[in-house]
Trainee: 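Sharing a structure with you now.
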Amino acid sequence: MRLAATSIPLLFVVLAGCAALGPPPDVSALPHATIVGSHTPAEGRIDTFRTIAIDGRAVLGYSDEPAKLIKVDEKNLVAAGRPVRVEIEGMAFYDNTVRRLFWSPMRAQGVVEFVPAAGATYSLHGSITPQLSSVWIENDATHEVVGNKVSAVGQAATAPAPAASDADE
């Protein structure tokens with residue numbers, strides 16, 4: 001009896017979890033906006049800015065060769081007029097395989113929340129440097145940043161100088 005009492009709630013939790021893995025909702029028939037990734041060629045690398053997930057659902061295609069997705073600027077539709085949570089990423093992808101394996105990836109990843117307008121197009125933009133990598137979402141019509149910018153300090157960033165203490169004098 002005790003086993004059945006604990007198994008039934010567990011069964012409901014598992015079934016509810018399976019329902020969350022269903023296909024993404026089709027927003028093309030509803031008022032919607034478009035989010036577009038971008039990439040910028042740099043010296044010896046490609047700086048890529050892309051959407052990873054929308055409202056917790058992965059949007060990148062699963063591939064055994066993720067490098068093939070680097071120069072692809074995917075478009076994703078989102079429902080307009082309600083808050084949307086977008087996980088975004090900006091990273092440097094090196095042409096040289098050895099550099100890709102052993103060099104600093106210069107990467108920023110985070111979540112941006114905003115309310116998209118119907119019919120609007122939003123693009124991902126960013127800046128990738130050894131000191132600071134940033135990625136953000138920008139309204140194509142107004143060039144305004146929506147939500148917040150996501151930044152990550154790089155390995156080449158200089159540490160602040162230690163403050164002088166009374167003992168040093």
Side-chain angles (χ1 to χ4, degrees), residues 14 17-28 32-80 83-117 120-162:
V14 169
C18 289
L21 298 175
D26 182 22
V27 296
S28 60
H32 63 272
T34 306
I35 300 176
V36 182
S38 67
H39 66 276
T40 306
E43 188 177 326
R45 68 176 201 251
I46 298 169
D47 294 344
T48 301
F49 310 101
R50 60 188 183 177
T51 303
I52 296 174
I54 297 174
D55 290 332
R57 292 184 183 272
V59 295
L60 283 179
Y62 294 105
S63 170
D64 59 346
E65 296 182 58
K68 288 187 174 182
L69 300 176
I70 293 299
K71 292 183 183 178
V72 177
D73 297 335
E74 293 191 10
K75 294 181 181 182
N76 297 289
L77 300 180
V78 291
V84 65
R85 181 184 163 113
V86 182
E87 187 174 353
I88 58 177
E89 171 186 56
M91 66 178 201
F93 184 83
Y94 295 99
D95 297 333
N96 184 324
T97 305
V98 174
R99 199 168 191 191
R100 222 175 11 242
L101 291 172
F102 298 108
W103 206 260
S104 170
M106 295 191 298
R107 181 172 181 269
Q109 180 177 341
V111 174
V112 174
E113 295 184 19
F114 71 104
V115 178
T121 301
Y122 299 92
S123 296
L124 275 71
H125 296 279
S127 170
I128 305 291
T129 66
Q131 294 78 22
L132 181 71
S133 296
S134 300
V135 61
W136 61 86
I137 300 175
E138 191 176 287
N139 185 323
D140 282 358
T142 64
H143 300 289
E144 290 182 36
V145 174
V146 296
N148 58 313
K149 288 186 177 183
V150 176
S151 298
V153 176
Q155 294 177 350
T158 56

Trainee: Does the side chain of Arg45 reach to within under 4.5 Å of the side chain of Met106, using non-hydrogen atoms?
Mentor: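 In contact.
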
Trainee: Does CZ in Arg99 sit with more than 12 non-hydrogen atoms of other residues, nucleotides or ligands closer than 6.0 Å?
Mentor: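 Enclosed: over 12 neighbouring heavy atoms sit under 6.0 Å from CZ of Arg99.
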
Trainee: Looking at every heavy atom in both Pro116 and Val78, which two are closest together, and how far apart are they?
Mentor: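 In this case the closest contact between Pro116 and Val78 is CG-CG2, 3.8 Å.
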
Trainee: Going from CD on Glu144 to OH on Tyr122, what distance comes out if it is rounded to the nearest 0.5 angstrom?
Mentor: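 Glu144 CD to Tyr122 OH: 10.0 Å, rounded to 0.5 Å.
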
Trainee: May I have all residue pairs that pass side-chain hydrogen bond (donor to acceptor under 3.5 Å, both in side chains) and include part of residues 133-142, sequence neighbours excluded?
Mentor: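 For residues 133-142: Ser123-Asp140, Ser134-Ser151, Trp136-Glu138, Glu138-His143.
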
Trainee: Once you round to the nearest 0.5 Å, how far does CD of Glu89 lie from CD of Glu87?
Mentor: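 That separation rounds to 8.5 Å.
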
Trainee: Could you tell me which residues satisfy side-chain hydrogen bond (donor to acceptor under 3.5 Å, both in side chains) with Asn76, sequence neighbours excluded, listed by chain and number?
Mentor: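 None.
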
Trainee: Is a side-chain donor or acceptor of Ser38 paired with a backbone partner of Leu124 at a separation under 3.5 angstrom?
Mentor: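 Yes; judged by distance alone, with no hydrogens or angles, the pair exists.
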
Trainee: Keeping the roles fixed (side chain from Tyr94, backbone from Leu101), state whether a donor-acceptor pair exists under 3.5 Å.
Mentor: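 No, Tyr94 side chain to Leu101 backbone: no donor-acceptor pair under 3.5 Å.
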
Trainee: Is it true that Asp73 and Lys75 make a salt bridge, defined as a side-chain N closer than 4.0 Å to a carboxylate O?
Mentor: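 Salt bridge between Asp73 and Lys75, a charged N being under 4.0 Å from a carboxylate O: no.
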
Trainee: Just verifying a value: how many Å separate Lys149 NZ and Ile88 CD1, rounded to the nearest 0.5 Å?
Mentor: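 Answer rounded to 0.5 Å: 11.0 Å.
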
Trainee: Taking the side chain as C-beta and beyond, is there a heavy-atom pair between Arg50 and His39 under 4.5 Å?
Mentor: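 No. Closest side-chain heavy atoms not under 4.5 Å.
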
Trainee: Using modelled atom types only, decide if a donor and an acceptor are shared between the side chain of Asp47 and the backbone of Ala92 within a distance under 3.5 Å.
Mentor: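 No: the side chain of Asp47 does not pair with the backbone of Ala92.
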
Trainee: Hey, what do you get for OG1 (Thr51) to CD1 (Ile137), rounding to the nearest 0.5 Å?
Mentor: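 It is 6.0 Å, given to the nearest 0.5 Å.
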
